[in-house]
Amino acid sequence: MHGAGLRVSEIPRCIQSLHFPRMLLTISVMLASLQLIAQVQESQVQLRREEQIMKNLIFYRTAQIDGLSIFYRESGPKDAPTILLLHGLPSSSRMFEPLFTRLSDRYHLVAPDYPGFGHSDWPDPKTFAYTFDHIAEIMNHFTETLGLSHFTLYMQDYGGPVGFRMILAHPDRVEALIVQDAVAHNTGLGENWKTRRAFWADRAANESALRTNLLSLATTKARHAGNDPDVERHNPDLWTDEFYFLNQPGQADIQSDLFYDYRTNVESYPKWQAWMREKQPRLLVIWGQYESSFDPSEPESYRRDVPKAEVHIVDGGHFALDTAADEIAALVRGFVGSSRQGFPARRAG
């Protein structure tokens, strides 16, 4: 045989000249090779499947911070860009589970429960100061314990006053800001804050009215459904679970103490606004169109501070992730990716 010079007429004669056992051996080797290739491919598919499962797996952990057990949820690759998620009242890190299942393939997500919330310790308010300064200090120590040196900060409701304090204490740690239904302007506090302002002015005279206004089942439900005309799409377990939490022993005192300290947030708004105007951070504002806890003017107030801020009104209420998780996850995915691309240059400047 002469390889490429073989004539078609010679093919039958060549085939007849092959030794039969040798031909069987060749076929066996080919089949074995194909089987090995198939096994390798199957192993690679299985490995990718296991990696995907690990990326989407949520871990429920605790860390000892300042003598307290602080519970947190964590998911995604630890070498990926980190998103630190700060929850609101009367929720916990549980509120962010819709984002965990949608973003942990690409990002490292960490969501702690504050002291007095969720599965973290609930120290007695007689011996523990429930103030936003104190909680922010503990959350800063939490990030240090976990080694979170740089992150995008996602702030919802109470997450705003906690997060802005963290920013002013360590501005170099924050790559970008995501605000979801959190206020940094006095005009953002709406009509239902009259009772709450009266409580700040005279706690003793207004404590009972405040607890009804802030901690009742009706208010707890309204935080989720707001003025959404389609209440049937809201899971009632969310607000009944939170109302059960608020009625646990000691919770009324804890939440009253912390909300009395909320007046210090209003006093701090000008400092937060000044920081945003000076630094012009990468900012994404997400706002539920059925938000009833805060004034609808608030998103544009952020845009006045940071003209290049991305502002999106989504199909949800105060806890917009209840009904708009897919939309919010898509916004966060695009925003964090673009923020990371410019981060080294911004830090160097």
Side-chain angles (χ1 to χ4, degrees), residues 56-62 68-75 85-104 109-125 130 135 139 154-160 162 180-182 192 196 210-228 230-259 262 286 288 290-294 314-326 328-329:
N56 290 326
L57 192 63
I58 302 174
F59 295 94
Y60 304 91
R61 295 174 162 143
T62 59
L68 298 174
S69 177
I70 298 299
F71 174 88
Y72 65 100
R73 288 166 164 84
E74 184 174 22
S75 187
L85 304 113
L86 302 178
H87 67 79
L89 167 76
S91 189
S92 68
S93 56
R94 171 184 171 180
M95 66 166 284
F96 293 116
E97 292 230 352
L99 288 183
F100 274 63
T101 58
R102 290 166 172 81
L103 296 177
S104 59
L109 287 86
V110 179
D113 291 351
Y114 309 138
F117 289 79
H119 297 291
S120 289
D121 281 348
W122 300 1
D124 190 328
Y130 281 97
I135 289 177
M139 289 296 100
Y154 190 121
M155 309 181 293
Q156 193 271 344
D157 188 57
Y158 274 13
V162 173
Q180 183 212 311
D181 298 273
N192 60 352
R196 302 169 187 185
L210 180 280
R211 293 190 181 200
T212 299
N213 176 273
L214 187 69
L215 309 177
S216 68
L217 177 59
T219 302
T220 307
K221 177 181 177 180
R223 289 189 189 98
H224 287 272
N227 54 11
D228 188 345
D230 189 5
V231 179
E232 293 182 352
R233 68 195 185 117
H234 294 268
N235 182 357
D237 290 345
L238 296 173
W239 61 78
T240 54
D241 285 357
E242 289 174 359
F243 185 64
Y244 173 80
F245 155 73
L246 289 172
N247 281 275
Q248 294 305 296
Q251 269 299 316
D253 292 336
I254 289 171
Q255 298 305 332
S256 292
D257 277 5
L258 186 56
F259 194 78
Y262 200 99
I286 299 169
Y290 303 115
E291 166 70 74
S292 62
S293 297
F294 299 131
V314 299
D315 186 22
H318 183 67
F319 292 106
L321 284 167
D322 292 355
T323 54
D326 286 340
I328 292 173

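For the single chain, residues carry numbers from 1 onward in sequence order. Predicted model, so just to flag it, every value in this text is computed and none were measured.
The neighbour count for Q248 CD, taken as heavy atoms of other residues, nucleotides or ligands under 6.0 Å away, is above 12.
Taking the six-membered ring where tryptophan is involved, the planes of Y262 and F259 are essentially parallel, since the angle between them stays under 30° and well short of 60°.
The two residues I254 and P125 have their closest heavy-atom pair at CG1-CD, 4.1 Å. The minimum heavy-atom distance between G288 and A320, with the atom names listed, is CA-CB, 4.4 Å. Between I58 and Y60 the shortest heavy-atom distance is O-CE1, 3.4 Å. Contact record, M155 with G160: CB-N, 3.8 Å, taken as the closest heavy-atom pair. The heavy-atom pair separating M95 from G88 by the smallest distance is SD-N, 3.9 Å. What you find for L89 and F117 is that their closest heavy atoms are CD1-CE2, 4.2 Å.
At distances below 3.5 Å, not a single donor-acceptor pair connects side-chain atoms of S75 with backbone N or O atoms of L109. No side-chain donor-acceptor contact under 3.5 Å links E232 to the backbone of H234. Between the side chain of D228 and the main chain of D230, a donor-acceptor pair closer than 3.5 Å is present. Remark: the backbone N or O of P90 is not paired with any side-chain donor or acceptor of E242 at under 3.5 angstrom. For T323 (side chain) and G317 (main-chain N/O), no donor-acceptor pair under 3.5 Å exists by modelled atom type. Using a distance-only test at 3.5 Å, with no hydrogens or angles considered, a donor-acceptor pair links the side chain of N235 to the main chain of D237. Of the possible donor and acceptor atoms, one in the side chain of S104 sits under 3.5 Å from a partner among the backbone N and O of F100.
Considering only heavy atoms from C-beta on, E291 stays 4.5 Å or farther from N227 through its side chain. Residues P123 and L68 have side chains in contact (heavy-atom distance under 4.5 Å, counting atoms from C-beta outward). A 4.5 Å side-chain heavy-atom check between I328 and V314 finds at least one atom pair inside the cut-off.
Within the structure, side chain to side chain donor-acceptor pair (under 3.5 Å) pairs that include any residue of residues 86-95 comprise R73-S93, S93-D113, R94-D241 (at least two apart or interchain).
Atoms CZ and OG1, on F243 and T220 in that order, are 6.5 Å from each other to the nearest 0.5 Å. Taking CG of L238 as the reference point, atom CG of L321 lies at 10.5 Å (rounded to 0.5 Å). Between atom CG of residue L215 and atom CG of residue L210 there is a gap of 7.0 Å, rounded to the nearest 0.5 Å. For the atom pair L258 CG and Y114 OH, the distance stands at 9.5 Å (nearest 0.5 Å). Atom CG of L86 and atom CD of Q180 lie 12.0 Å apart (nearest 0.5 Å). In this structure, CG in D253 is found 8.5 Å from CG in D124, a value given to the nearest 0.5 Å.
Ring centroid separation for the pair F294 and H318 comes in under the 6.0 Å cut-off. W122 and F245 have their aromatic ring centers within a separation under 6.0 angstrom. Checked against the 6.0 Å centroid criterion, the rings of F96 and Y154 qualify as a close aromatic pair.
Partner of S216 under the side chain to side chain donor-acceptor pair (under 3.5 Å) criterion, chosen from N213, T212, T219: T219.
The closest side-chain donor-acceptor pair between D322 and H224 falls under 3.5 angstrom.
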* Begin from the C-alpha positions of R223 and D181 and carry the test salt bridge (Lys or Arg N to Asp or Glu O under 4.0 Å) through to its verdict. => CA-CA 11 Å; R223 289 189 189 98; D181 298 273; over 6 Å; no

* To do: Show your working on side chain to side chain contact (heavy atoms under 4.5 Å, CB included) between R61 and I70 and close with a plain yes or no.
  => CA-CA 8 Å; R61 295 174 162 143; I70 298 299; over 6 Å; no

